[in-house]
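Worksheet for the structure shown next.
Heavy atoms only: backbone and side chains are in, while hydrogens, waters and symmetry mates are out. The model shown is predicted, which means the values in this text are computed figures rather than measured ones. As the structure lists them, so they are numbered: ligands from 1, and atoms in each ligand from 1.
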Amino acid sequence: MKEADMSRQIIVGNWKMNGTTRDSRELVQALLDKVDANGPEVVVCPPFTQLALLNQALAPSPIGLGAQDCHKDVSGAYTGDIAPPMLTELGVSHVILGHSERRQEHGELDETVREKAVAASKAGLTPIVCIGETEDQRESGDHFDTLGWQIKGSLPDGFNGIVAYEPIWAIGTGRAATTDEIAETMTFLRQELVRQFGEAGKNIKILYGGSVNDKNAASILSLADVAGALVGGASLKADAFLSIIAAASAA
Ligand code: PGA
């Protein structure tokens, strides 16, 4: 993996459990028509079932391919799981790990996420590790504690991936965190990363995720220390996703 180019933002589309073959082809074609190599880095993360198709469609393009999860082992008796080398074989460069939907619905712990991050890096993938507080934690003022523990627990020694700060209450709700909340949290996360990784912690990109859309992207992406966005719902609509990419180009 290359050293992070801190000046270039990265916009990641997390399609979640959406995308039949027809939808995926259409969406990706609309993106291919407009995305060029001069803007931010763009990565789309479709469901596993679309990776082979999109690998073909995207191979000669500036759009990268990501997955939404991977296992910590390279092979074995793990029904339903996907190993990191299976992803690299399909042209995948990034993998989202520890998304709150996986932490909540699949019981993933910080330790699980950390082991997956090690395995992903070993296979040559860039892990995008998600952290974020619940609404209760923010309201009770415990959010920084929570985020601090998640950073300590989810990021392995020598971590050279990306962190995505996604407040759980902002995901899929249409209620993004305010720019003040994001700015304050970014400052805290940077301090924690430097505390844990020293100088190297300064070069870990931190994305914001949670109801990023074509209207709020410009103000969020222009905040200091926001290195890009992890986009769910709005990444399924070509126009909205392209507007977010344009906002990153202008940031
Ligand atoms: P959202 O999802 O943009 O639909 O809020 C973001 C995410 O879960 O990564």
Summary of salt bridge (charged side-chain N to carboxylate O under 4.0 Å, His left out) pairs that have at least one residue in residues 66-82, sequence neighbours excluded: D69-R102, D69-K116

Does R195 have any side-chain contact (heavy atoms from CB on, under 4.5 Å) partners at least two apart in sequence or in another chain, and if so, which? E192

With E184 via side chain to side chain donor-acceptor pair (under 3.5 Å) - residues at least two apart: none

May I ask you to check whether D180 and T178 show a side-chain donor-acceptor distance below 3.5 Å? no

For side-chain hydrogen bond (donor to acceptor under 3.5 Å, both in side chains), just list the numbers for H99 and E108, CA-CA rounded to whole Å, side-chain angles, deciding distance to a tenth of an Å, and then say yes or no. CA-CA 9 Å; H99 189 284; E108 290 194 7; over 6 Å; no

Residues lining ligand 1 [heavy-atom distance under 4.0 Å, listed by chain and residue number]: N14, K16, H99, E166, A170, I171, G172, G210, S211, L230, V231, G232, G233

Does any non-hydrogen side-chain atom of C130 lie less than 4.5 Å from one of Y165? no

